[in-house]
There are 2 protein chains.
Amino acid sequence: MPVTIKDISKHLGLSVSTVSKALNGYPDVAAKTRSAVLAATEQLGYQPSATARNLRRQRTDKIGVVHPVKSFESETFVGFFRGLVYAAQDFGYNLNLYTAPESDSAALQRICRGREVDGMILIGTGIAGVQEASMALLEREGIPFVVLGNPVEDSNVSFVAPDNRGGALAVMQHLIELGHQRIGYIARPDDPENNAQRFEGYRQALAEAGIDFDDTLITEAPYTPYSGMGAMRVLLELPKPPSAIFAFNDHVAIDASRTVLQRDLQIPEDLAVAGFDNIPSSLVASPALTTVHQPQIEMGKQALEVLLALIGGRDDVQRLTYQTELIVRASTVTKIL
Amino acid sequence: MPVTIKDISKHLGLSVSTVSKALNGYPDVAAKTRSAVLAATEQLGYQPSATARNLRRQRTDKIGVVHPVKSFESETFVGFFRGLVYAAQDFGYNLNLYTAPESDSAALQRICRGREVDGMILIGTGIAGVQEASMALLEREGIPFVVLGNPVEDSNVSFVAPDNRGGALAVMQHLIELGHQRIGYIARPDDPENNAQRFEGYRQALAEAGIDFDDTLITEAPYTPYSGMGAMRVLLELPKPPSAIFAFNDHVAIDASRTVLQRDLQIPEDLAVAGFDNIPSSLVASPALTTVHQPQIEMGKQALEVLLALIGGRDDVQRLTYQTELIVRASTVTKIL
DNA sequence: TTGTACGCGTTATCAG
DNA sequence: CTGATAACGCGTACAA
């Protein structure tokens, strides 16, 4: 039986409301009384019931994190989680984990209407259309939310995303400087916004370098395990295969690398490979992967701050794009430590 | 303004309590009434307030997951999270994420006394002593909990852990069969139980093979980034260096591999390397890492089931050890695909 | 300065 | 079969 406010009121012979006021810093309570209350609280080990307080205050101090189940199968989102965890701690919020409903959104609706959280962070896109459905639902239910990790078209949705186009541009310029003229792109249609922007960077770099766009060099890797291997195979079997590829992300790039190595081709001599995200595996991959770093931890923190502002009523939509950084490793350049 | 039970009671001209009974499947309510209530509920989009219901029922349907911040920096725990997420979904529970208080346990105490969750899962050990402190606190507060990922001495604590000794034994037998006589062990003192059991397997294998134990072959890698590299360096600089090493886990093993390769030694020809956990990176590491797989997803699910049993009052302590599986890859054997 | 009374949204008990 | 009524633990306007 946990100790309640009633217990300490009895213990002191005070009324419940006086105790409550003493604890919540109201000015109209005698200094003596206050210190007595504090002492009793300490002594009896009292802590207000989160549930009761939530009911009364009509807020939960909890943030829901909606993410596809797959985010735990991939390293792509780990940094976001870390950022969220850190920030939540700082601001005195708890994080509730919800796996995105892949098919129906009934679960999400229940959460909203059950008022389990004060706001939501949406991570990851997964199956095309799912994020849109979630956003529409949240908007309808009037729950503040922020999308983390990809940009969103809808101009009254807040998001925190990487500079996809800039990152892709940097990778491509790097490859072009190395002399590559036929550069493949492995796309990820299930992640439409990120993919579109990275592809844009790809095309822009080609255009700026005066290289003709060749659509046979574009393949797709859906959001399934090892899909990058199949995509790479397609590219290798072209009549005129590429000399380098830029993959939608590191997971895809690593898959692609495996296919390349299986065919006894050398990376980067026969084929250079670059990815996006700078996941942990990209460093230990063989060879270490050239990639684009996005400051995920910072982005996660920022997303939470934006969300708290929304919850606080300052409903200025924030659409933030974070600078990325090219990380050159052995998969594109020899003679790298 | 969310719709409450009062709204639908008004809407139908029924009493609140009748509505509640209809919704909660009480038998003493007319079929007609019930269907009317259900219809209204659907129409008005009613969902009971989680908070109010929690207050009334004195339970939250939430499980706290306590983990060191570092668990997001490492891949070691990812599988556990997945298992928990899946199981929580199945059983209608929510997961609350709490980062373990590295220094004081005040935060954890607040959570307990605030009755924010019905029970807790403890993941990861981190700094020595932290888990013990947490367990003592939880026990004192009377919150049911299960430790996930490592065994626990205290015999009235439930845990779900891998068969460390068995896994270590398998790795070591594999190395010994390959002809290795001088095998190093890189320990992780910050994870005392797991470490002790893996070390036990190490010694048992040596003993069974009639190989003398040599304590110069034992080094330590603390829970800090790249600590495995330093540990490996020590081993390589021995007068009689080992021909193989078994590292506490894959992160350490991968670090160690990098040190080996930096010295222009070949793996596994000059030095064979094996780890533990079968993290994603172990597959893409160069060369791919021989390791011990533990069924983390299943273990995570199991931990939640055990916890729910505890919460349900069936307080039979469960101390479960899961079978592991040796995964042989290129870091110990050449001619592996 | 303290205490009373009410309500947050539910569910459970008990009459009717 | 239905409906008052109380209670879960807390916060706050208002009265004393």
Side-chain angles (χ1 to χ4, degrees), chain A residues 1-38 40-41 44-62 92 110-118 141, chain B residues 1-38 40-41 44-62 92 110-118 141:
Chain A
M1 217 31 75
V3 25
T4 74
I5 198 174
K6 214 184 242 170
D7 295 320
I8 96 162
S9 93
K10 264 184 209 150
H11 182 76
L12 294 172
L14 283 170
S15 80
V16 172
S17 58
T18 305
V19 174
S20 174
K21 282 192 262 190
L23 290 173
N24 291 302
Y26 277 59
D28 58 344
V29 51
K32 244 187 88 167
T33 312
R34 182 185 309 268
S35 59
V37 168
L38 259 39
T41 290
L44 302 188
Y46 167 72
Q47 181 72 28
S49 152
T51 311
R53 159 176 256 165
N54 291 344
L55 178 59
R56 176 65 230 221
R57 307 209 293 192
Q58 297 289 73
R59 43 179 283 202
T60 64
D61 291 345
K62 292 187 193 343
R110 267 208 318 280
I111 295 162
C112 294
R113 300 206 172 149
R115 287 135 284 168
E116 295 193 12
V117 295
D118 296 338
E141 299 289 337
Chain B
M1 218 31 74
V3 26
T4 74
I5 198 173
K6 215 184 241 170
D7 295 321
I8 95 161
S9 91
K10 265 185 207 147
H11 182 77
L12 294 172
L14 284 171
S15 79
V16 172
S17 52
T18 304
V19 174
S20 175
K21 280 193 263 193
L23 289 174
N24 290 302
Y26 278 60
D28 58 343
V29 50
K32 241 186 92 168
T33 312
R34 164 161 301 141
S35 59
V37 167
L38 259 38
T41 291
L44 302 188
Y46 168 71
Q47 181 71 27
S49 152
T51 312
R53 161 177 260 166
N54 291 343
L55 178 59
R56 175 65 231 215
R57 306 215 279 191
Q58 296 290 70
R59 44 179 283 202
T60 65
D61 291 345
K62 292 186 194 342
R110 268 207 316 282
I111 295 162
C112 294
R113 302 207 171 147
R115 286 134 285 168
E116 295 194 11
V117 295
D118 296 338
E141 299 290 337

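Keep in mind that the numbers below use all heavy atoms, side chains included, and drop hydrogens, waters and symmetry copies. By convention in this document, chain letters (A, B, ...) are assigned in the order of the sequence lines, proteins followed by strands, and residues within each chain are numbered from 1.
- Of the two residues contacting DNA chain C, namely A:Gly13 and B:Leu55, the nearest-nucleotide position lying further toward the 5' end is that of A:Gly13.
- D:dG9 atom C1' lies 13 Å from atom CZ of A:Arg57, rounded to whole Å.
- Looking at which nucleotide of DNA chain C each of B:Pro48 and B:Lys21 is closest to, the 5′-most match is held by B:Pro48.
- Contact annotation for A:Ile5: backbone-only contact, meaning every heavy-atom pair under 4.0 Å involves sugar-phosphate atoms and none involves a base.
- Minimum interatomic distance between B:Gly25 and B:Arg34 (heavy atoms only, all atoms of both residues): C-NH2, 3.8 Å.
- Note on A:Glu116 versus A:Lys62: no salt bridge recorded, every NZ/NE/NH1/NH2 to OD/OE distance being 4.0 Å or above.
- Closest to the side chain of A:Arg56, out of D:dA4, D:dC10, D:dC8, is D:dC10.
- Counting atom types as modelled, B:Ser17 pairs a side-chain N or O with a base atom of D:dA4 as donor and acceptor under 3.5 Å.
- Between A:Lys6 atom NZ and D:dC10 atom C1' there is a gap of 11 Å when expressed in whole angstrom units.
- Residue contacts for B:Val16: at a heavy-atom cut-off of 4.0 Å it reaches a base atom on one of the strands shown.
- In this structure, A:Asp7 places its CG atom 13 Å from C1' of D:dC8, rounding to the nearest Å.
- For A:Asn54 and B:Thr51, the side-chain atoms include no donor-acceptor pair closer than 3.5 Å.
- Within 4.0 Å of B:Ser49, counting heavy atoms only, lie sugar-phosphate atoms of the nucleic acid but no base atom.
- Using a 4.0 Å heavy-atom distance criterion, B:Thr4 is classed as a sugar-phosphate-only contact.
- Atom P of nucleotide D:dG11 and atom CZ of A:Arg59 are separated by 12 Å, given to the nearest angstrom.
- Contacts of A:Thr33 with the nucleic acid, taken as non-hydrogen atoms under 4.0 Å apart, involve only primed sugar atoms and P, OP1 or OP2.
- Distances shorter than 4.0 Å separate some side-chain N or O of B:Gln58 from OP1 or OP2 on D:dG9.
- In this entry the distance linking CG of A:Asp28 with P of D:dT12 reads 12 Å, nearest Å.
- Nearest approach of B:Arg53 to B:Pro48, heavy atoms of both residues: NH1-CG, 3.8 Å.
- Among the heavy atoms of the strands lying under 4.0 Å from A:Asn24 are primed sugar atoms or P, OP1, OP2 only; no base atom is included.
- Nucleotides of DNA chain C lying under 4.0 Å from heavy atoms of chain B occupy a range whose first and last members, 5' to 3', are C:dC8 to C:dC14.
- The interatomic distance linking B:Arg53 (CZ) with D:dC8 (P) rounds to 19 Å, in whole Å.
- Smallest separation of non-hydrogen atoms from B:Gly45 and B:Val3: O-CG1, 3.5 Å.
- Residue A:Ile8 forms a side-chain contact (heavy atoms from CB on, under 4.5 Å) with just one option from A:Val16, A:Leu14, A:Val19, and that option is A:Val19.
- Of all heavy-atom pairs spanning A:Ala52 and B:Leu55, the tightest one is CB-CD1, 3.8 Å.
- For the pair B:Arg115 CZ and D:dC10 C1', the interatomic distance rounds to 10 Å; values are reported in whole Å.
- In this model, a donor atom of one side chain and an acceptor atom of the other lie less than 3.5 Å apart for A:Thr18 and A:Ser15.
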